[in-house]
Amino acid sequence: MQIENSELLVADQHVDTNLEFLAEHTKEEKVSVLGHVFKSIFVEVPKDFFLGIGNFFRRYFRHYIETFKFFNKPSLKVPPFDKKDFKENTQHSFEIALIFTAILIFLIKQNAIPVNKELQEQYGNDLIQMFMEFAIFLIFAVAYSSLIVLSVLSGRLIRYVFKVPVSRGESDILFAYLNNSFFSVSALLAFFFRCSMQYEQIKGTGTENSIIGFCLLVSLILTVWWSIKFAGLNQLSTMKRLIFYVISIAWFTILFGLGMSAICLFVIGS
């Protein structure tokens with residue numbers, strides 16, 4: 001580390017320090033201290049604020065783009081997943097569910113979406129709201145953990161039965177991605193459903209069954225898409241493909257379709 005031209009060189013990058021204001025010969029050459037202060041407040045602060053908001057929304061928008069890319073390219077050997085971190089994908093998947101929940105609670109408190117008076121009063125109490133948020137977090141955590149365990153174990157069984165040419169670690173990551181993708185889609189659907197209805201309004205009606213049917217249909221479409229691409233990328237033989245399609249489409253449609261339905265109905269009732 002060395003000081004050069006009143007700046008600190010760290011890892012080959014110039015980092016501004018206060019040293020530039022200490023040298024006598026720089027008093028007239030540099031912008032005044034007040035100039036720096038006002039620039040920081042009126043330029044840098046708003047810039048960082050709006051960039052932060054933009055980056056926040058861009059991160060989750062990009063997450064959904066990658067979610068649908070995965071259904072089309074379920075492999076760690078092709079872009080963009082050859083350079084992605086599945087742990088980050090997992091974190092974003094779970095964060096999205098919590099963010100949607102926070103937005104819904106705010107909308108409920110503002111009476112901006114359908115809600116019964118009792119529930120609105122409960123969320124109006126800070127202690128009750130904190131307790132309910134914690135309960136919702138636990139339920140989401142249990143649902144996510146159950147689905148990802150079943151997904152990863154299913155992947156290991158598929159790898160063993162169909163001799164898929166991937167390592168066990170790669171298989172676990174691929175099926176973790178699959179679970180994350182369905183979980184993210186479930187959170188998005190649940191958010192839109194909750195914005196238009198509340199469970200007491202649809203309980204015991206055809207709408208409740210329609211939501212379950214819709215979730216199963218979405219799960220079927222995504223599972224068929226994923227299965228075809230997965231078999232193709234891993235070059236399964238014709239006979240293996242046919243058997244793989246029957247087993248994977250049936251199993252994952254039921255697994256993620258029912259999981260999606262449960263998440264949607266839970267959020268609608270909250």
Side-chain angles (χ1 to χ4, degrees), residues 59-101 137-191 215-216 218-236 244-245 247-264 266:
R59 175 172 60 189
Y60 295 110
F61 182 74
R62 186 169 59 245
H63 173 80
Y64 273 106
I65 291 177
E66 291 176 356
T67 290
F68 289 101
K69 280 185 177 180
F70 178 75
F71 286 113
N72 193 55
K73 294 182 178 180
S75 173
L76 301 184
K77 298 181 177 68
V78 297
F81 302 101
D82 56 338
K83 296 180 181 179
K84 289 291 181 180
D85 183 357
F86 82 96
K87 298 185 295 297
E88 181 181 78
N89 181 268
T90 298
Q91 178 183 341
H92 291 170
S93 297
F94 197 76
E95 285 176 350
I96 284 173
L98 299 181
I99 290 170
F100 281 147
T101 300
F137 167 80
L138 288 180
I139 291 172
F140 275 141
V142 170
Y144 177 85
S145 299
S146 301
L147 286 172
I148 198 168
V149 167
L150 289 173
S151 181
V152 169
L153 290 179
S154 299
R156 292 183 181 182
L157 183 61
I158 287 173
R159 171 178 170 267
Y160 175 76
V161 172
F162 295 97
K163 308 301 180 185
V164 180
V166 297
S167 65
R168 176 170 158 175
E170 185 178 350
S171 171
D172 289 354
I173 293 175
L174 285 171
F175 284 87
Y177 265 118
L178 181 64
N179 174 76
N180 294 343
S181 299
F182 273 103
F183 194 81
S184 297
V185 172
S186 300
L188 183 62
L189 287 178
F191 177 78
C215 290
L216 287 169
V218 171
S219 180
L220 173 63
I221 293 172
L222 294 178
T223 300
V224 169
W225 184 13
W226 172 85
S227 297
I228 292 173
K229 295 298 182 176
F230 182 83
L233 287 170
N234 289 286
Q235 299 179 338
L236 298 183
F244 171 74
Y245 291 154
I247 294 175
S248 67
I249 292 173
W251 169 240
F252 287 120
T253 296
I254 294 173
L255 175 64
F256 292 118
L258 293 180
M260 190 181 296
S261 301
I263 291 172
C264 287
F266 167 72

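Few gaps surround CZ on Arg59; more than 12 heavy atoms of other groups in view lie less than 6.0 Å from it.
A heavy-atom distance below 4.5 Å is found between the side chains of Phe182 and Ser219. Here the side chains of Pro74 and Leu178 are not in contact, with every heavy-atom distance at 4.5 Å or above. Counting heavy atoms from C-beta outward, Ile96 and Phe183 have side chains that stay 4.5 Å or more apart. The shortest distance between side-chain heavy atoms of Lys77 and Val166 falls below 4.5 Å. Proximity of Phe266 to Ile139: side-chain heavy atoms (C-beta onward) are separated by under 4.5 Å at one or more points. Under the 4.5 Å side-chain criterion, counting only non-hydrogen atoms from C-beta, Thr90 is in contact with Tyr144.
Here Ser75 contributes atom OG and Glu170 contributes atom CD; the two are 6.0 Å apart, rounded to the nearest 0.5 Å. Note: Phe162 CZ to Ser248 OG = 7.5 Å, rounded to the nearest 0.5 Å. In this structure, the separation between CG on Leu189 and CZ on Phe100 is 9.5 Å, given to the nearest 0.5 Å. Annotation: the span from Tyr64 atom OH to Leu188 atom CG amounts to 4.5 Å, rounded to 0.5 Å. Ser181 OG to Glu66 CD: the interatomic distance, rounded to the nearest 0.5 Å, is 9.5 Å. Ile249 CD1 to Ile254 CD1: the interatomic distance, rounded to the nearest 0.5 Å, is 12.0 Å.
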Would you please test Phe252 and Leu222 for side chain to side chain contact (heavy atoms under 4.5 Å, CB included) and show each step?
CA-CA 10 Å; Phe252 287 120; Leu222 294 178; over 6 Å; no

Full working for side chain to side chain contact (heavy atoms under 4.5 Å, CB included) between Tyr245 and Ile228:
CA-CA 7 Å; Tyr245 291 154; Ile228 292 173; 4.2 Å; yes

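Among all heavy-atom pairs drawn from Arg156 and Ser171, the shortest one is N-OG, 4.0 Å. Between Cys264 and Cys215, the shortest heavy-atom contact is SG-SG, 3.9 Å. For the pair Ala97 and Phe140, the tightest heavy-atom approach, listed with the atom from each and the gap, is O-CE1, 4.0 Å. Nearest heavy-atom pair, Ser167 versus Arg159, reported as atom, atom and distance to 0.1 Å: C-NE, 3.5 Å. Counting all heavy atoms, side chain and backbone alike, Asn180 lies closest to Ile148 at OD1-CD1, 4.3 Å.
No option in Phe70, Phe86, Trp226, Trp251 other than Trp226 meets the ring-ring contact (aromatic ring centres under 6.0 Å, His included) test with Phe175. Of the candidates Asp172, Leu174, Asn179, Asn179 is the only one forming a side-chain contact (heavy atoms from CB on, under 4.5 Å) with Ser151.
When atom types are taken as modelled, the side chain of Asp85 and the backbone of Lys87 share a donor-acceptor pair closer than 3.5 angstrom.
A cation-pi arrangement, defined by a distance under 6.0 Å to the six-membered ring centre and an angle within 45 degrees of its axis, is absent between Lys69 and Phe71.
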